[in-house]
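A quick write-up on the structure given underneath.
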2 protein chains.
Amino acid sequence: MPETARQIADDLRARIESGDLQPGDRLPGEPSLVRTYGVAKMTANQALKILVTEGLAYARPGSGTYVREFRPIRRVANDRLSKARWASGHSIWAADVDRRPLATDVQVYEAEAPHQIGRLLNLEPGAPVLVRSRKYAVEDRPVQIATSYLPADLVRGTAITEPNPGPGGIYARLAELGAEPVNFAEELRARMPSEEERAALNLAAGTPVLEICRTAFTEDERPVEVNQMLLDAGSYVLEYRLSS
Amino acid sequence: MPETARQIADDLRARIESGDLQPGDRLPGEPSLVRTYGVAKMTANQALKILVTEGLAYARPGSGTYVREFRPIRRVANDRLSKARWASGHSIWAADVDRRPLATDVQVYEAEAPHQIGRLLNLEPGAPVLVRSRKYAVEDRPVQIATSYLPADLVRGTAITEPNPGPGGIYARLAELGAEPVNFAEELRARMPSEEERAALNLAAGTPVLEICRTAFTEDERPVEVNQMLLDAGSYVLEYRLSS
DNA sequence: TAGTGGTCTAGACCACTGG
DNA sequence: CAGTGGTCTAGACCACTAT
């Protein structure tokens with residue numbers, strides 16, 4: 001009787017979705033599945049692996065396979081409108097408030113603009129950019145990697161070239177330079193991570209990433225920053241507020 | 001020498017990322033991998049399966065395993081700002097223009113408001129809602145499922161209850177009712193699809209979905225529509241434009 | 001008909017966890 | 001220490017594709 005691994009996975013999935021198995025609960029182990037379904041150990045292994053790749057469970061070698069939990073961080077893209085009375089407190093996904101990611105591993109250096117980035121920033125090919133890359137973590141768990149690119153000619157000699165750019169962050173410093181970002185364009189896509197990305201974000205199998213490319217523009221429509229972000233999709237809910 | 005399947009997958013992934021293997025190209029088959037790496041057939045199979053679950057390849061049983069392509073549709077969430085001169089033509093991901101998804105399988109019916117939806121619409125528990133569900137497809141390939149919920153008391157007896165609501169769509173009809181949506185809140189999340197979702201969107205393994213919940217508000221901050229969307233992440237790039 | 005991916009078995013060894 | 005998941009082998013059968 002083929003199709004056995006999928007069958008077993010279906011059974012377990014049903015038990016998860018029905019609430020019979022709660023987040024954090026331990027699933028029946030491989031030996032248990034071998035006994036109750038009369039299959040080979042590897043088939044039991046594959047059944048569990050299906051749930052892991054679906055993001056419904058995670059395996060802890062030597063211990064067991066467990067139902068995964070989903071407690072996302074809320075990222076509100078739009079700051080000014082966020083105080084609007086509409087859409088306050090009305091969210092479909094529960095999210096922990098005040099679990100704010102903290103920046104770590106800040107690295108700042110100058111480099112030649114990558115092709116795509118230079119194009120977004122309206123720079124000549126090969127022009128220098130300031131690169132600010134950092135990782136964000138919550139409770140020691142990495143949740144996001146971000147890399148900002150700014151025209152080197154614009155920011156050289158300012159606090160933006162420091163790992164800690166001072167109060168208000170780099171946007172405050174840009175404002176002091178007469179280049180305050182006021183408009184933003186975000187491009188967003190979801191996909192499975194590469195092996196390096198999996199390692200860098202310490203992702204469980206079956207977790208997609210959200211890739212965001214945000215370009216910041218001044219009042220006179222000049223692009224002054226490109227920020228490329230990679231988010232652990234299992235840790236985030238994004239929120240956008242739009243008018244008109 | 002363990003770790004073999006991952007090694008093989010790494011080799012193939014490198015060849016894909018280097019451009020040695022182009023999108024659409026056929027990967028070395030299982031028998032070929034068995035010969036060149038001296039492994040068991042099942043190990044070769046698992047190596048290929050790793051690339052499939054990573055979304056880098058897809059398998060066509062009886063034919064071969066091929067490198068996947070990524071030609072997304074661009075979805076611009078914000079309409080009014082979309083004509084801004086900033087952020088025009090500056091996109092990081094190439095996307096086909098004019099591959100517009102078409103709605104199919106439109107179903108309209110009245111039902112009791114699901115718990116979460118009722119909350120978002122500020123309705124009494126158990127209040128009736130009009131449900132409009134439809135599927136969107138491009139070139140016969142399904143790319144999105146969308147379900148809208150509107151307060152039944154508001155829209156009963158209007159063209160909104162028809163599968164085809166007329167020119168301008170349901171928002172034009174809402175405007176005629178004095179309930180024009182002008183503000184929107186979108187919550188967004190990426191995850192792996194369930195089995196049903198995989199089937200409904202005809203998704204390849206290793207393709208995440210984007211789940212979007214959009215609430216529409218009138219000028220006087222009244223929620224009038226909740227639209228729940230499920231997108232094939234491999235088919236979409238989302239764009240948001242923000243001010244201030 | 002030959003080749004392909006999909007799946008299963010029965011047994012094996014490993015590294016790790018937890019009491 | 002026993003129990004867990006992770007992986008590999010060698011062989012098998014199936015349904016499908018392409019020629």
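Values reported hereafter were calculated over all heavy atoms of this structure, with side chains retained and with hydrogens, waters and symmetry mates removed.
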Original post:
Among D:dG6, D:dG5, C:dT9, which is the nearest nucleotide to the side chain of A:Leu48?
Top reply: D:dG5

Original post:
What are the residues of residues 23-32 of chain A, sorted by number, that bring a heavy atom to within less than 4.0 Å of DNA chain D?
Top reply: A:Arg26, A:Gly29, A:Glu30, A:Pro31

**OP:** Please state how far atom NZ in A:Lys49 lies from atom C1' in D:dC8, giving the value in whole angstrom units.
**Re:** 12 Å

Original post:
Which residues pass the ring-ring contact (aromatic ring centres under 6.0 Å, His included) test with B:Tyr240, sequence neighbours left out?
Top reply: A:Tyr240

Subject >> Residues forming a salt bridge (Lys or Arg N to Asp or Glu O under 4.0 Å) with B:Arg15, sequence neighbours excluded >> reply: B:Asp20

**OP:** Kindly determine whether A:Thr207 and A:Arg68 satisfy side chain to side chain donor-acceptor pair (under 3.5 Å), including the steps that lead there.
**Re:** CA-CA 11 Å; A:Thr207 308; A:Arg68 201 201 264 185; 2.7 Å; yes

Subject >> Pairs where residues 19-46 of chain B contributes a residue and the test ring pair (Phe, Tyr, Trp, His ring centres under 6.0 Å) is met, not counting sequence neighbours >> reply: none

**OP:** Could you check how far CG of B:Leu12 sits from P of C:dG5, rounded to whole Å?
**Re:** 12 Å

Original post:
Atom CZ of B:Arg6 and atom P of D:dC8: how far apart are they, to the nearest Å?
Top reply: 9 Å

Original post:
Over how many whole Å does the gap from A:Tyr58 atom OH to D:dT4 atom P extend?
Top reply: 17 Å

**OP:** Check salt bridge (Lys or Arg N to Asp or Glu O under 4.0 Å) between A:Glu197 and all other residues, then give those that pass, not counting sequence neighbours.
**Re:** A:Arg191

Original post:
Which letters describe nucleotides 14-19 of chain C, given B = protein heavy atom under 4.0 Å from base, S = only from sugar-phosphate, - = neither?
Top reply: --BBS-

Subject >> salt bridge (Lys or Arg N to Asp or Glu O under 4.0 Å) against B:Arg198, all qualifying residues, sequence neighbours excluded >> reply: B:Glu195

Original post:
What integer distance in Å separates A:Leu33:CG from D:dG3:P?
Top reply: 16 Å

Original post:
Separation of B:Gln7 atom CD from D:dT7 atom C1', in whole Å?
Top reply: 13 Å

Original post:
Can you name the residues that form a salt bridge (Lys or Arg N to Asp or Glu O under 4.0 Å) with B:Glu225, not counting sequence neighbours?
Top reply: none

Subject >> Protein-nucleotide distance (B:Asp10, atom CG; D:dT7, atom P), rounded to Å >> reply: 12 Å

Original post:
In chain order, what residues pass the ring-ring contact (aromatic ring centres under 6.0 Å, His included) check against B:Tyr58, with sequence neighbours excluded?
Top reply: B:Tyr66

**OP:** Ignoring backbone atoms, test whether B:Asn45 places a side-chain nitrogen or oxygen under 4.0 Å from the OP1 or OP2 oxygen of C:dG5.
**Re:** no

**OP:** Using the test ring-ring contact (aromatic ring centres under 6.0 Å, His included), find all partners of B:Tyr236 that sit at least two apart in sequence or belong to another chain.
**Re:** none

Polar atoms only, N or O, under 3.5 Å: list the protein pairs with nucleotides 11-13 of chain D and their distances.
none

**OP:** Say whether B:Thr161 and B:Arg132, considering side chains only, have a donor N or O and an acceptor N or O under 3.5 Å apart.
**Re:** no

Subject >> Listed once per pair and sorted, the salt bridge (Lys or Arg N to Asp or Glu O under 4.0 Å) pairs that draw on residues 29-50 of chain A, sequence neighbours left out >> reply: A:Glu30-A:Lys41

